[in-house]
Each structure stands twice: as structure tokens, then as C-alpha cells.
Amino acid sequence: MTVPTIPLNTGGSLPQIGLGTARVTDQDEARRIVLEALEVGYRHIDTAAKYDNEVGVGRGIAESGLPRNHVFVTTKLRGSQQGADTRTALRQSLDRLGLDHVDLYLVHWPLPRIDRFVESWKIMEELRDEGLTRAIGVSNFLPEHLDRLAAESSTVPAVNQIELHPREPQQAQRDDDARRGIVTESWSPLAKGDLLAEPVLADIGRQYGKSPAQVVLRWHVQQGLVVIPKASHVDRLRANLDVFEFALADGDLARIATLATGKRVNDEQDPRTWEEF
Ligand SMILES: NC(=O)c1ccc[n+]([C@@H]2O[C@H](COP(=O)([O-])OP(=O)(O)OC[C@H]3O[C@@H](n4cnc5c(N)ncnc54)[C@H](OP(=O)(O)O)[C@@H]3O)[C@@H](O)[C@H]2O)c1
């Protein structure tokens, strides 16, 4: 299975589907899932210091035997290390992963109350120049946070990773990212699985011989989004990659659009106020 790649404003690119690893805190479980994902064709892994699984993720990558430049690895700066600790934070992530660089390093949340993301960003620019990460980006950033980076630094983020799924399609933020040359990545692309019981998805899936999860993932990739579903079982890992050989008709996209209630997986996760350290 070959997954298409999406170009980044760095001149590099990233595979359009990656593996999400949030809430997999057992290191051996993380190792197994990452290894199985790489075996079935994933070449893009999303982790974070906050997920407490970088050791297992790194072991899975090592065990796969794949050359380092065949796997795109993203990790994220946790809130408690924003500011002067940013350099230490990436070095610690690299130690846990057993890697000498990552492909993408993200500010996990803007945390405007502590107001350290610009300071972190300037250190991340240095870390990129030193080769410890190939690209730098952000997560959960709103236009007001992106405006601050534009005014106070010379690097446009490569990626903005945001909650995005048919219930919360984030059209305004996607348009804003696109205007700035930022790739939008969908986190909780299946709304943590909660979305999959919607009867309309099963109904659409029946027409194409696809599951509700595959319909939703096709909805993401058909719109040019990068998507990082998390799955624990090899059959789901494989199925979640198998979305490139069918296309949703306009009428089906319109039916999926009826799911857009604006409901998020966690109502409290507003980037203006959410504090996750
Ligand atoms: N930047 C951020 O702030 C942020 C926040 C949240 C998440 N993320 C990233 O985004 C990734 C994905 O989000 P997520 O883990 O919250 O949720 P998700 O990918 O939307 O959904 C994962 C859930 O869907 C289930 N699932 C996966 N494939 C399925 C299939 N084919 N059929 C039925 N069920 C299926 C999984 O079950 P099993 O695991 O049991 O297979 C799991 O319970 C995370 O893992 C993380 O890497 C980033």
C-alpha cells in the first residue's frame, strides 16, 4: 500500500495518513502497534512527549528495520516545557525515541495564558537549523496565535494539527492555514471512534463496500487533509490505509456535511483557554 504524500512549505513532504498514538501509555503496546503499522505500510507516526510513549514508539521504529529516512516521525513540545526548556525538551524526546532527529516538531497547545509559545518557536527555529528536526509546526493554533508567529518570527509553521472530523470540519481554520501556506492535519479524525455509529456513514459505506471508518478517512484525504487515525489492531490499521481506491460522490459528501454539528470530542478543549502541561 503506497500512501500519497503532501508537500510542506519546507520543500519536504509527509505521508497523508499517519498513525496516531495518543493514550497508548504502555511502552510495549506502543512498540507493537508502531511495528505492526510499519509492517502494513504506514510511514508516518505521530507521538508527543505528553503521550508518555516515545520509548515504545522508538523501539517499534527500530525493530521495523526500515531506513530512518523512510519513516516520518512527529513529536510535540509539552506545555510544561514551553519557553526556555524547549531545547532540553526536544533533546529528551530524541533520547526517548532513540533518534538523532525528528521530521516534525510541534508546539502541542498555544497556552496563551503563560504566553511562551513565541519564545519556544524561536528556539525551535534554531533546533531546525541544527538538524534536530527537519520541520517545525504547531497544534491547536488559531489565527490570532499564527498572527503572533508571523509578526515575531521568520518561519511559517509547516503544519497546524487541529481537531477535525465531519462533526467539526474546521473550514475557517483550514482556509486560514491554506492562505498562510500551512498544511492542516486532522487529529481525532474519527472523533475517537464515537462518530462511527452514525447510520449515514454505514449507509454510504455499503455503496462502496467500505466501513464507516473508511468513509470518514476517505472524507479527510479527498479534501487534501493529512490524517492520523489511531488504531490498536492490525486489521484496523490495514483497513484505515485502504482508502485510496474509491472516491466519495458529491451527494455523499453532502450527506456527510449534515453531521457538522460543531460538537468536539471534549467541549473544554478551546485553544484560547485549554491548559495541558
Ligand atoms: N495535537 C493534539 O492536541 C491531539 C489531540 C488528540 C489526538 N491527537 C493525535 O491524533 C491521533 C488520533 O486521534 P485519537 O486517538 O484521539 O482518535 P481517533 O483516531 O479519532 O479514533 C481512535 C479510536 O477509533 C477506533 N478506531 C480506529 N480505527 C477504527 C476502525 N477502522 N473501525 C472502528 N474503530 C476504529 C480506535 O479503536 P482501537 O484503538 O481500539 O483500535 C480508537 O478507539 C492521536 O492518537 C494523536 O496522535 C493530537
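Counting convention: from 1, in listed order, for ligands and their atoms alike. Nothing fancy with the numbering, it's 1 onward along the sequence. What's counted below: heavy atoms across the whole structure, side chains too, no hydrogens, waters or symmetry copies.
Of the charged side-chain nitrogens involved, at least one lies within less than 4.0 Å of a carboxylate oxygen, so that R32 and E29 count as a salt-bridged pair. Comment: D95 does not engage R91 in a salt bridge, judged by the lack of any side-chain N to carboxylate O separation of less than 4.0 angstrom. Salt bridge annotation for K192-D194: absent, with no cationic side-chain nitrogen under 4.0 angstrom from a carboxylate oxygen. Under 4.0 Å is where a charged nitrogen must lie from a carboxylate oxygen, and between R31 and D28 at least one such pair does. At a threshold of 4.0 Å, the pair R179-D176 counts as salt-bridged, since one of the basic side-chain nitrogens sits closer than that to a carboxylate oxygen. Using a 4.0 Å cut-off between charged side-chain N and carboxylate O, R43 and D103 make no salt bridge. With respect to the salt-bridge test (charged N to carboxylate O, under 4.0 angstrom), the residues D85 and R78 do not qualify. A salt bridge is defined here as a Lys NZ or Arg NE, NH1 or NH2 lying under 4.0 Å from an Asp or Glu carboxylate O, and D100 with R68 fails to meet this definition. Ion pairing of E276 with K76 is absent here, as no side-chain N (NZ or NE/NH1/NH2) approaches a carboxylate O to less than 4.0 Å.
Side-chain contact of R218 with Q222: a donor-acceptor pair under 3.5 Å is present, judged by distance alone.
Of all the listed residues (D46, L19, V234), D46 holds the heavy atom that lies closest to atom 47 (O) of ligand 1. When the heavy-atom distances from atom 26 (N) of ligand 1 to N140, V138, L190, I45 are ranked, the shortest goes to L190. Taking only non-hydrogen atoms, the option from Q161, K76, R236 nearest to atom 32 (N) of ligand 1 is R236.
Protein heavy atom in closest approach to atom 6 (C) of ligand 1: W187 CE3, 3.1 Å. The nearest protein atom to atom 31 (N) of ligand 1, hydrogens excluded, is given as N240 OD1, 2.9 Å; this is a heavy-atom distance. The nearest protein atom to atom 16 (O) of ligand 1, hydrogens excluded, is given as S188 OG, 2.7 Å; this is a heavy-atom distance. Residue, atom and distance of the protein heavy atom nearest to atom 21 (O) of ligand 1 are K192 CA, 3.2 Å. Nearest protein heavy-atom neighbour of atom 45 (O) of ligand 1: A22 N, 2.8 Å. In this structure, atom 27 (C) of ligand 1 lies nearest to the protein heavy atom K230 O, 3.1 Å. Ranking protein heavy atoms by distance to atom 12 (C) of ligand 1, first place goes to I228 O, 3.1 Å. At the shortest separation from atom 8 (N) of ligand 1 among protein heavy atoms lies Y51 OH, 3.3 Å.
For A239, the heavy-atom gap to ligand 1 stays at 4.0 angstrom or more. Ligand 1 lies out of reach of Q214, whose nearest heavy atom is not under 4.0 Å from it.
Close contacts of ligand 1 with A213, meaning ligand atoms under 4.0 Å from a residue heavy atom, involve 30 (C), 31 (N), 32 (N). Listed by number with element, the atoms of ligand 1 under 4.0 Å from a non-hydrogen atom of P229 are 19 (O). Applying the 4.0 Å criterion to heavy atoms of H108 picks out, from ligand 1, the atoms 1 (N), 2 (C), 3 (O). For ligand 1, the atoms sitting less than 4.0 Å from at least one non-hydrogen atom of A231 are 27 (C), 28 (N), 39 (O), 41 (O), numbered in the order shown with element in parentheses. Near G193, meaning under 4.0 Å from one of its heavy atoms, ligand 1 places the atoms 21 (O), 23 (C), 24 (O). Residue-ligand proximity, G20 to ligand 1, at heavy-atom distances under 4.0 Å covers atoms 11 (C), 44 (C), 45 (O), 47 (O). Shown in contact with H233 at under 4.0 Å from a heavy atom are these atoms of ligand 1, numbered in order with element: 41 (O). The contact set between ligand 1 and W109, taken as ligand atoms under 4.0 Å from a residue heavy atom, comprises 3 (O).
Under 4.0 angstrom from ligand 1, the non-hydrogen atoms of S139 all belong to its side chain. Contacts with ligand 1 closer than 4.0 Å are made by side-chain heavy atoms of L196 only, the backbone lying farther away. Within the 4.0 Å heavy-atom criterion, neither part of H165 lies near ligand 1. Using a 4.0 Å cut-off between heavy atoms, A191 contacts ligand 1 through its backbone alone, with no side-chain atom that close. The residue V265 has no part lying near ligand 1, judged by heavy-atom distances below 4.0 Å.
Distance CG/N69 to CZ/R134: 8.5 Å, rounded to 0.5 Å.
Here ring-ring contact (aromatic ring centres under 6.0 Å, His included) pairs that include residues 191-219, with residues two or more places apart or in two chains, are Y208-F246.
Evaluation of the side chain to side chain donor-acceptor pair (under 3.5 Å) rule for T10 yields no partner, not counting sequence neighbours.
Summarising the geometry of G224 relative to I6, their closest heavy-atom pair is O-CD1, 4.1 Å, with the distance given to 0.1 Å.
Residues I256 and V200 form no side-chain contact, since every pair of their non-hydrogen atoms from C-beta on lies 4.5 Å or further apart.
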